[in-house]
Amino acid sequence: MEDETINKVKHVLNDWNPLGENAYKVDDLNEYETEAIDILFYIDLEITTKRPVEIKKQIQKYVKEILEEAFNIDLTNEECRLPAEKIYQILFEN
């Protein structure tokens with residue numbers, strides 16, 4: 001994984017900020033860097049052979065699952081759609 005890609009995905013998550021005003025309560029948040037790395041890891045692991053529509057849905061699933069688990073929050077698929085689309089663009093349209 002390239003640092004540039006990690007930083008771009010981290011930026012997407014940080015701009016979205018699913019924790020909202022509770023982000024300050026997480027001591028080691030590090031601008032969602034750990035979560036960006038986890039999402040990219042799962043994308044690298046499973047997505048290489050899928051079609052674009054399937055890839056977008058899979059990224060959305062990873063975003064939702066990883067952030068919910070990391071921060072014990074509930075997110076809807078719709079809340080995760082836009083960040084997932086931005087991550088897809090970073091990885092596959094640049």
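It should be emphasised that the depicted structure is a prediction, and the values quoted were computed from it without experimental measurement.
In the hydrophobic clustering of this structure, Leu82 does not group with Ile66; members are Ile, Leu, Val, Met, Phe, Trp, Tyr whose side-chain heavy atoms approach within less than 4.5 Å, directly or through other members.
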Let me see the working for Asn7 and His11 under side chain to side chain donor-acceptor pair (under 3.5 Å), right down to the final yes or no.
-> CA-CA 6 Å; Asn7 284 330; His11 183 71; over 6 Å; no
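A distance of 6.5 Å separates CG of Leu29 from CD of Glu35, quoted to the nearest 0.5 Å. Atom CD1 of Ile87 sits about 10.5 Å away from atom CD of Gln89, to the nearest 0.5 Å. Atom-to-atom distance recorded for Glu65:CD and Asp38:CG is 12.0 Å, nearest 0.5 angstrom.
Taking the six-membered ring where tryptophan is involved, the planes of Phe71 and Tyr32 are perpendicular, since the angle between them exceeds 60° and thus also 30°.
With a 4.5 Å cut-off on side-chain heavy atoms, Thr34 and Asp28 do not count as touching. A 4.5 Å side-chain heavy-atom check between Val63 and Trp16 finds at least one atom pair inside the cut-off. Taking the side chain as every heavy atom from C-beta outward, Leu91 and Ile55 never approach each other to under 4.5 Å. A 4.5 Å side-chain heavy-atom check between Leu67 and Leu13 finds at least one atom pair inside the cut-off.
Scanning both residues, Lys10 and Glu31, for their nearest heavy atoms gives CG-O, 2.7 Å. Heavy atoms only, all atoms of each residue included: Ala36 and Val9 are closest at CB-CG1, 3.7 Å. Taking each heavy atom of Lys64 and Leu75 in turn, the nearest pair found is CE-O, 2.8 Å.
Among Lys56, Lys61, Gln60, the single residue meeting the side-chain contact (heavy atoms from CB on, under 4.5 Å) criterion with Gln58 is Lys61.
Residues Lys57 and Glu54 are not paired through a salt bridge, judged by the lack of any N-O separation under 4.0 Å between the basic side chain and the carboxylate.
Within a 6.0 Å radius of CD in Glu69, other residues, nucleotides and ligands contribute 12 heavy atoms or fewer.
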